Amino acid sequence: MQPQGKIVVASQHYPPDPSTTAAIMAEIACRLAGEHEVVVLSGSSGALSAAQTGAGKPRVVAVRNRMAGKAALVRRGLSELLFVLRILVMLLRQLRRGDVVLTVTAPFMLPYAVAAAAWLKGARSALVMHDLFPDVLVMAGLLKPRSIVAGAMRAANSLMFRALNAVITIGRDAERPLLGYSGMTRNKIRFIPNWATLVPAVRPVTSDNPFRKKLAARFVVGLSGNLGFTHDPEIVFEAARLLEDEPDIHFLLSGWGIGFERLKQLQAETNLANVSFVARVEDAELEAFLAAANLWIIPYRKNVAGVSVPSRFYNLLAVGRPVVLVSEPEAEAASTVVENGLGWVVTPGRADQLAGAIRAASNSDAAGLAYRAVTVASRFDRAAAMNAYAALIGELLHHPNLSE
């Protein structure tokens, strides 16, 4: 018998928002809508594509959301708090006993509201944990680890994790810090990694690639995507400075966020000849851009393990490119790199190690690395992830005491 409960997806980021989180939540919502009634409470306004509307698709309700820039921390915090309060009110109106609500850690206050509303209404709740707070803020240097605010957030986390029925992690390294909370049990944790949005296949490096045409260097090092507070832009720039006298190596940078603003500032001050910027690349050009570089960098600050997993990682592998990951070796992406021989892992803060890894990559067996990258990318399959989400939500709909 088909369960009577509906599914509510609460997310600040949802199409037409172009972010990775928006794409992930839309994929999940559309997959679930094939079997259940799904309502999306979205913080993004605008027209949806034809693939996301119509029969068998989620019903999307736009929630007023005014987002300030990431650098405007106070205004952004107030905007996100207002958005979370609006979501809370809508959840209290929408949820019924037996429903399931799914949310994500963006903004970080949203899961608290979702867990509280579900508990009050007798619904079940699940969290897709992309980032663990306050650990992300501590890692970024925005909070002291023993500050009153960090302590208050950890206390709130204990209550939230006790109320949640399931927590979906996208990295194996998240289990250890999660189990440090008194409200968390191992049977609540489900590991469902993100997936490559590009079809895994080796894309050859060609001189006529539109993003490579103007570059004379033989070996191109790429950096792409959002650089937030958890990333270290300066280690990338310092590595480029250390390699400035090696004309065969060139850095190609494209993205957004406070980290990219810092990179542009450093380049304006120094004007390194081996560094080029291109405007933010749209989805239609992503494959060509990722294929333009011989090697990709993902630069984290220290203490990333269990805190954050780079979703861009899977598409870099899908085009058949090795990576240099600035990270502790026990972090999820770093473990994948080491276990499968997909590139290099260097110590956070060590620009000399990063420069050395890039130099080694420029003289490595590109064909062997490319083949291994594509093979591993094929394991991170969208269909497998969607089936895992559908199975979990089905369990929550059928078994109220799943987490006990």
Side-chain angles (χ1 to χ4, degrees), residues 131 135-136 138-141 171-173 217-246 248-255 257 259-260 262-263 266-267 270 272 274-275 290 293-317 319-366 368-370 372-373 376-377:
D131 299 295
D135 304 62
V136 164
V138 171
M139 173 190 171
R172 294 163 293 178
D173 54 343
R218 173 185 62 84
F219 192 84
V220 175
V221 182
L223 178 66
S224 174
N226 178 40
L227 284 190
F229 293 110
T230 58
H231 299 99
D232 182 3
E234 302 202 9
I235 192 174
V236 177
F237 196 82
E238 179 62 15
R241 190 188 64 77
L242 292 172
L243 295 169
E244 187 179 14
D245 294 331
E246 302 191 26
D248 271 358
I249 299 174
H250 194 92
F251 287 72
L252 182 65
L253 315 178
S254 175
F260 263 95
R262 177 58 178 158
L263 280 172
L266 290 167
Q267 178 65 350
T270 311
L272 294 179
N274 62 340
V275 172
L290 297 186
N294 300 81
L295 175 76
W296 287 93
I297 304 175
I298 302 176
Y300 272 113
R301 300 184 187 277
K302 64 180 181 179
N303 300 323
V304 67
V307 172
S308 184
V309 177
S311 294
R312 75 193 77 176
F313 177 59
Y314 306 111
N315 275 341
L316 303 181
L317 301 182
V319 297
R321 297 297 185 269
V323 297
V324 177
L325 197 73
V326 180
S327 164
E328 289 83 10
E330 65 270 21
E332 173 65 26
S335 296
T336 303
V337 167
V338 173
E339 290 166 1
N340 298 280
L342 304 176
W344 294 260
V345 176
V346 302
T347 305
R350 292 292 303 272
D352 59 328
Q353 287 188 13
L354 178 56
I358 293 168
R359 191 179 292 114
S362 70
N363 297 307
S364 65
D365 174 18
L369 284 165
R372 289 195 296 274
V376 172

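Values in this document were obtained by computation on a predicted structure and should not be read as measured data.
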Ser364 and Leu369: which non-hydrogen atoms are nearest, and at how many Å? OG-CD1, 3.5 Å
With heavy-atom distances below 4.5 Å as the criterion, would you say the side chains of Arg301 and Thr230 are in contact? no
Scanning both residues in full, the closest heavy-atom pair of Val346 with Ala357 reads CG1-CB, 3.9 Å
Would you check if Leu227 and Pro299 make a side-chain contact, meaning some heavy-atom pair closer than 4.5 Å? yes
I'd like to check the side-chain hydrogen bond (donor to acceptor under 3.5 Å, both in side chains) partners of Asn294; sequence neighbours left out, ordered by chain and number. Arg212
Mind listing the closest non-hydrogen atom pair of His231 and Asn226 along with its distance? CE1-O, 3.5 Å
CG of Leu354 to CD1 of Ile358, rounded to nearest 0.5 Å, is 4.0 Å
Atom of Asn274, atom of Ala240 and distance for their closest heavy-atom approach: ND2-O, 2.9 Å
Checking Arg262 side chain against Pro233 main chain: does a donor-acceptor pair fall under 3.5 Å? no
For the rings on His250 and Phe219, is their centre-to-centre separation under 6.0 Å? no
Measuring from Ile235:CD1 to Gln353:CD, what's the distance to the nearest 0.5 Å? 8.0 Å
Which atom names give the shortest non-hydrogen contact between Ile249 and Ser362, and what distance separates them? CD1-OG, 4.2 Å
Do the side chains of Glu238 and Arg241 get close enough for a salt bridge, i.e. N-O under 4.0 angstrom? yes
Is the closest side-chain heavy-atom distance between Arg372 and Asn340 below 4.5 Å? no
Just by modelled atom types, is the Trp296 backbone N or O under 3.5 Å from a matching donor or acceptor in the Arg321 side chain? no
Audit row: Val221, Leu243, side-chain contact (heavy atoms from CB on, under 4.5 Å) steps and yes/no: CA-CA 11 Å; Val221 182; Leu243 295 169; over 6 Å; no
Distance-minimising heavy-atom pair for Ser327 and Ala334: OG-CB, 4.0 Å
Could you tell me if the side chain of Glu246 sits less than 4.5 Å from the side chain of Asp248, heavy atoms only? no
Going from CD1 on Ile297 to CG on Leu252, what distance comes out if it is rounded to the nearest 0.5 angstrom? 11.0 Å
Please evaluate residues Phe251 and Leu223 with respect to the criterion side-chain contact (heavy atoms from CB on, under 4.5 Å), reporting the C-alpha separation (whole Å), side-chain torsions for both, the decisive distance (0.1 Å), and the verdict. CA-CA 8 Å; Phe251 287 72; Leu223 178 66; over 6 Å; no
side-chain contact (heavy atoms from CB on, under 4.5 Å) evaluation trace for Glu234 with Leu266: CA-CA 8 Å; Glu234 302 202 9; Leu266 290 167; 4.1 Å; yes
Take Glu330 and Asp173 through the side-chain contact (heavy atoms from CB on, under 4.5 Å) test and state the conclusion after the steps. CA-CA 7 Å; Glu330 65 270 21; Asp173 54 343; 5.9 Å; no
My understanding is that only one of Leu325, Leu295, Val338 makes a side chain to side chain contact (heavy atoms under 4.5 Å, CB included) with Trp344; could you say which? Leu295
Would you please name every residue forming a side-chain contact (heavy atoms from CB on, under 4.5 Å) with Arg172, sequence neighbours left out? Phe191, Glu332, Ser335, Thr336, Glu339
